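The shown structure was predicted, so the numbers you read here are calculated from the model rather than taken from an experiment.
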Amino acid sequence: MEAPTLTAPLARHLWLLRDASQLAVARRFAEEAAEAFGFDDDETYAFTFAVNEAVSNAMEHGEPFEDGTVRLRIDDETSGLTFSVLDRGTFTPHSPPQIDGVADRGRGLALMATMVDYLQIKPLDEGTLVRLTKRRVATA
């Protein structure tokens, strides 16, 4: 069975069980959306990498909804392609992340920020929302 084709305007939702085995599903969700949006291979890789990190963080550090899921959404917006992940956890900022740090962990936000044009972490009554937006590179 082939994966569904995405058409513009794009707005898709996906609820994933909070389980690391679901990361491949999240990556495929992001990759299909990036390709449908018209990203080239490098842009698709960067967008998918950032999405994978955001979903990994929600699954590892966040809390699932009552049904055991974290909630994903992709929107085709004028400003670019936007991915959102919502979990029931409460975000607690630590010291500013550093990419060149020595630690093996704790650099996810900084890595995401280098892969997309806009990163937002927004505390909400129902949990924490992370939004990533990537614009297409202008072609000549």
Side-chain angles (χ1 to χ4, degrees):
M1 178 179 196
E2 286 188 44
T5 303
L6 306 179
T7 58
L10 180 66
R12 297 212 27 219
H13 303 265
L14 180 65
W15 293 9
L16 291 180
L17 289 175
R18 184 183 172 217
D19 185 281
S21 68
Q22 296 296 295
L23 287 173
V25 176
R27 286 190 301 270
R28 189 167 50 253
F29 182 63
E31 186 174 22
E32 289 173 2
E35 290 171 353
F37 189 68
F39 283 159
D40 66 22
D41 289 346
D42 290 341
E43 293 166 319
T44 296
Y45 175 83
F47 184 75
T48 303
F49 183 97
V51 165
N52 183 75
E53 187 62 34
V55 175
S56 294
N57 285 347
M59 289 184 175
E60 183 176 345
H61 304 294
E63 293 295 326
F65 283 86
E66 295 79 20
D67 61 359
T69 64
V70 295
R71 315 245 166 114
L72 315 182
R73 179 181 170 105
I74 292 182
D75 293 288
D76 176 346
E77 301 175 337
T78 305
S79 61
L81 188 63
T82 297
F83 169 82
S84 304
V85 60
L86 177 65
D87 68 70
R88 299 261 316 155
T90 303
F91 177 73
T92 306
H94 299 287
S95 59
Q98 296 180 8
I99 291 179
D100 60 351
V102 214
D104 289 338
R105 301 182 49 82
R107 296 174 290 194
L109 292 175
L111 287 170
M112 281 187 275
T114 66
M115 297 290 180
V116 297
D117 298 300
Y118 177 73
L119 167 64
Q120 177 188 35
I121 301 167
K122 186 173 184 179
L124 303 171
D125 290 339
E126 64 268 33
T128 299
L129 177 72
V130 175
R131 289 175 47 95
L132 309 166
T133 300
K134 184 157 188 66
R135 293 186 294 273
R136 282 186 205 100
V137 173
T139 55

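- Side chains of Arg131 and Lys122 form no contact here, defined as non-hydrogen atoms less than 4.5 Å apart.
- Put simply, Ile121 and Leu72 are part of the same group of oily side chains (I, L, V, M, F, W, Y) that touch within less than 4.5 Å, one to the next.
- Applying the side-chain hydrogen bond (donor to acceptor under 3.5 Å, both in side chains) test to residues at least two apart or on different chains, the pairs with a partner in residues 45-54 are Arg27-Asn52.
- Nearest heavy-atom pair, Gly89 versus Thr128, reported as atom, atom and distance to 0.1 Å: O-OG1, 2.8 Å.
- A distance of 13.0 Å separates CZ in Arg88 from CZ in Arg18, rounded to the nearest 0.5 Å.
- Remark: Arg12 fails to qualify as a cation-pi partner of Phe29 under the 6.0 Å distance and 45° angle criteria applied to the six-membered ring.
- The backbone N or O of Glu43 lies less than 3.5 Å from no partner atom in the side chain of Arg136, so there is not a single donor-acceptor pair.
- Separation of atoms NZ (Lys134) and CG (Leu119) is listed at 12.5 Å; rounding is to 0.5 Å.
- Counting heavy atoms from C-beta outward, Asp117 and Thr133 have side chains that stay 4.5 Å or more apart.
- Residues Leu86 and Gly127 share a closest heavy-atom pair of CD1-C, 4.3 Å.
- Following chains of ILVMFWY side-chain contacts shorter than 4.5 Å, one cannot reach Phe65 starting from Leu23, and the two form parts of different hydrophobic clusters.
- Atoms CZ and CZ, on Phe39 and Arg135 in that order, are 10.0 Å from each other to the nearest 0.5 Å.
- For Asp87 against Gly62, the heavy-atom pair with the smallest separation is OD1-CA, 3.5 Å.
- When the side chain to side chain donor-acceptor pair (under 3.5 Å) test is applied to Asp40, no partner is found at least two apart in sequence or on another chain.
- At least one side-chain heavy atom of Thr69 sits less than 4.5 Å from a side-chain heavy atom of Leu17.
- For Asp67, the CG atom is densely surrounded, since the number of other residues' heavy atoms within 6.0 Å is greater than 12.
- Atoms CG and CG, on Leu81 and Asp76 in that order, are 6.5 Å from each other to the nearest 0.5 Å.
- Taking the side chain as every heavy atom from C-beta outward, Met112 and Asn57 approach each other to under 4.5 Å.
- Linking Ile, Leu, Val, Met, Phe, Trp and Tyr whenever their side-chain heavy atoms come within less than 4.5 Å puts Phe83 and Met59 in one cluster.
- To the nearest 0.5 Å, the span separating CG on Asp41 from CD on Glu31 amounts to 9.0 Å.
- A single hydrophobic cluster is seen to contain both Val25 and Val85, as judged by linkage of ILVMFWY side chains at heavy-atom distances under 4.5 Å, directly or through other members.
- Taken to the nearest 0.5 Å, the CZ atom of Phe47 stands 7.0 Å off from the CG atom of Leu132.
- Linking ILVMFWY residues whenever their side-chain heavy atoms come closer than 4.5 Å, directly or via other members, places Val130 and Leu109 in the same cluster.
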